[in-house]
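Notes follow once the structure below has been shown.
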Amino acid sequence: MAWFRKEKKRLVGQKRELPRDVWTKCAGCGEIIYQERLKESHSVCEKCGYHFRISPDDYACLLLDSALEEEYDAELRSVDPLKFVGPTPYAERYERALRKGMGRKEAVLTGRGRIDNLEVKFGALDFSFIGGSMGSVVGEKITRVTERALEDNHPLIIVSASGGARMMEGVLSLMQMAKTSSALGRLHKAGLPYISILTHPTTGGVTASFAMLGDIIIGEPGALIGFAGPRVIEQTIRQELPEGFQRAEFLLEHGIIDMVVARPELRSTVSRLLRHMIDAPGR
């Protein structure tokens, strides 16, 4: 009688890949998280509080009663005024972003919606679209949604996530800083509330313009917020930066932003602030 021994599979040393559509690894603590559980927690790690990046549409669903009721200026798209080449031609990079953008033609979503039945104008930048950079179209859409808020007498909410100005468009991108700031100046003069929400990262020309002009400025926990990045600053001043420099908590401690709010509490906080600001004397 023959005997056969089933050979055991060796598992030690074998690398096991996690299915990306089922599990994900937290960049904050290394915890392996079930994707469905992550969605339930608004893409915040329940163990360490790390905030995963989410899309403009996700922010619209998070903050508004029923996402956007109307999207503005969805047809606008950038051109290549300088015929910029560089390591990757701008036209090629833009077309690649279009293919990945699921129909979005630029790095910002704007429109109107409601928060607890209060009508608001809304904008949110998309970091996955060329780093959320502000070119001529992003600046134009931010300006237009601000002007619509002024025309309709509505509060404005903008969620920022950006690497700064889109330098492939040269001075046309830089002038958006002045254009958006000017529109927000008119909104402020009219006494209409503007809440600016800064997510990770918010840097460069966006920080130097509309992102830091809110009547209330809210940072998400751990968000990097600044003009130049920490590595550039260290190399420039040749000094070691303080622990947590340019993170939302550091900016709150030094009076640069008004509050740090975790994503699950963001909607209720914004709603409460808007009601208070609208009912405030002089509004």
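Note that the structure is a prediction, hence the values are computed from the model and not measured.
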Going by heavy atoms in the side chains, are H42 and L266 under 4.5 Å from each other?
no
How would you list, by chain and number, every residue that makes a salt bridge (charged side-chain N to carboxylate O under 4.0 Å, His left out) with E95, sequence neighbours excluded?
R77
Partner set under salt bridge (charged side-chain N to carboxylate O under 4.0 Å, His left out) for K105, not counting sequence neighbours
none
Is it the case that atom CZ in R53 sees more than 12 heavy atoms from other parts of the structure closer than 6.0 Å?
yes
Anything under 30° is parallel, anything over 60° is perpendicular, the rest tilted; go ahead and classify Y34 against W23.
tilted
Kindly work out whether a path of hydrophobic side-chain contacts (I/L/V/M/F/W/Y, heavy atoms less than 4.5 Å apart) joins L187 to M177.
yes
For the residue pair L198 and M212, establish whether any side-chain heavy-atom pair is separated by less than 4.5 Å.
yes
Minimal heavy-atom distance between V206 and S160, with the atoms involved, is CG1-OG, 4.0 Å
Any side-chain heavy-atom pair from I197 and V270 closer than 4.5 angstrom?
yes
Taking all non-hydrogen atoms of both residues, which atom of L252 and which atom of D258 are closest, and how far apart?
CD1-O, 3.4 Å
Does any non-hydrogen side-chain atom of R148 lie less than 4.5 Å from one of L156?
no
Out of curiosity, I218 CD1 to T199 OG1, how far, rounded to the nearest 0.5 Å?
12.0 Å
Spell out, as yes or no, whether a donor-acceptor pair under 3.5 Å connects the side chain of D80 to the backbone of F84.
yes
Indicate the atoms forming the closest heavy-atom contact of V260 with I257, along with that distance.
CG2-CD1, 4.0 Å
Under a 3.5 Å threshold, yes or no: a donor from one side chain and an acceptor from the other, between R186 and S182?
yes
Polar side-chain atom of S162 near backbone of T203 as donor-acceptor pair, under 3.5 Å:
no
Hey, could you give me the OG1/CZ distance between T88 and R93, rounded to the nearest 0.5 Å?
7.0 Å
State, yes or no, whether a side-chain contact exists between P155 and I278 at a heavy-atom distance under 4.5 Å.
yes
Would you kindly confirm whether F127 and L125 end up in one hydrophobic cluster when ILVMFWY residues are joined by side chain heavy atoms under 4.5 Å apart?
no
Does V44 offer a backbone N or O that forms a donor-acceptor pair with the side chain of H51 under 3.5 Å?
no
Test side chain to side chain donor-acceptor pair (under 3.5 Å), reference K121, set T146, T110, D152, output is D152
Look up atom OG in S128 and atom CD1 in I54, then write down how far apart they are to the nearest 0.5 Å.
12.0 Å
How far apart are the closest heavy atoms of T202 and A211, and which atoms are they?
CG2-CB, 4.0 Å
Side-chain donor/acceptor of E234 to backbone N/O of L241, under 3.5 Å
yes
Taking all non-hydrogen atoms of both residues, which atom of M167 and which atom of L174 are closest, and how far apart?
SD-CD2, 4.2 Å
Listing, residues 131-139 side-chain donor-acceptor contacts under 3.5 Å, not counting sequence neighbours, or none:
{"unit_1": "S133", "atom_1": "OG", "unit_2": "I130", "atom_2": "O", "d": "2.8"}
{"unit_1": "S133", "atom_1": "OG", "unit_2": "R166", "atom_2": "NE", "d": "2.8"}
{"unit_1": "S136", "atom_1": "OG", "unit_2": "E169", "atom_2": "OE1", "d": "2.9"}

Taking atom CD as the centre, does E243 end up with more than 12 heavy-atom neighbours from other residues, nucleotides or ligands that are less than 6.0 angstrom away?
no
Are L38 and E46 close enough that some pair of their side-chain heavy atoms sits under 4.5 Å apart?
no
State yes or no: do L98 and L109 share one hydrophobic cluster built from I, L, V, M, F, W and Y residues joined by side-chain heavy-atom distances below 4.5 Å, directly or via other members?
no
Determine whether Y90 and L82 satisfy the following criterion, side-chain contact (heavy atoms from CB on, under 4.5 Å), listing intermediate values before the conclusion.
CA-CA 9 Å; Y90 179 36; L82 304 180; over 6 Å; no
Examine I157 and L118 and state if one hydrophobic cluster contains both, with Ile, Leu, Val, Met, Phe, Trp and Tyr joined whenever side-chain heavy atoms are less than 4.5 Å apart.
yes
Quick check: do E106 and S78 have side-chain heavy atoms less than 4.5 Å from each other?
yes
Indicate if M259 and L63 have the same hydrophobic cluster label, given that clusters are the connected sets of ILVMFWY residues with side-chain heavy-atom separations under 4.5 angstrom.
yes
Taking G123's backbone N and O only, do any of them form a donor-acceptor pair with Y72's side chain (distance below 3.5 Å, no angle check)?
no
Straight-line distance of I158 CD1 to F122 CZ, nearest 0.5 Å
9.5 Å
Rounded to the nearest 0.5 Å, how far does CZ of R267 lie from CG of L62?
8.5 Å
With sequence neighbours excluded, tell me which residues meet salt bridge (charged side-chain N to carboxylate O under 4.0 Å, His left out) with R247.
none
Could you give all pairs that pass the salt bridge (Lys or Arg N to Asp or Glu O under 4.0 Å) test and reach residues 124-140, with sequence neighbours left out?
R104-D126, E140-R144, E140-K179
Has Y59 got a side-chain atom pairing as donor or acceptor with V159's backbone, closer than 3.5 angstrom?
no
Should F52 and C26 count as side-chain neighbours, where that means a heavy-atom distance under 4.5 Å?
yes
Return yes if some donor-acceptor pair links the side-chain N/O of T207 with the main-chain N/O of G226 below 3.5 Å, else return no.
yes
Roughly how far, to the nearest 0.5 Å, is the CG atom of D215 from the CG atom of L273?
10.5 Å
With no hydrogens and no angle check, is any side-chain donor or acceptor of S196 less than 3.5 Å from a backbone partner on I217?
no
Going by an N to O cut-off under 4.0 Å, is there a salt bridge joining K39 and E36?
yes
Steps toward side-chain contact (heavy atoms from CB on, under 4.5 Å) verdict (V108, V145):
CA-CA 11 Å; V108 66; V145 75; over 6 Å; no
side-chain contact (heavy atoms from CB on, under 4.5 Å) between S181 and L213, worked out
CA-CA 8 Å; S181 298; L213 293 177; 3.5 Å; yes
Would you confirm whether E249, through its side chain, and G222, through its main-chain N or O, come within 3.5 Å as a donor-acceptor pair?
yes
Could you work out, with salt bridge (charged side-chain N to carboxylate O under 4.0 Å, His left out) as the rule, every residue matching R263, not counting sequence neighbours?
E220
Which atom names give the shortest non-hydrogen contact between C61 and A67, and what distance separates them?
SG-CB, 3.9 Å
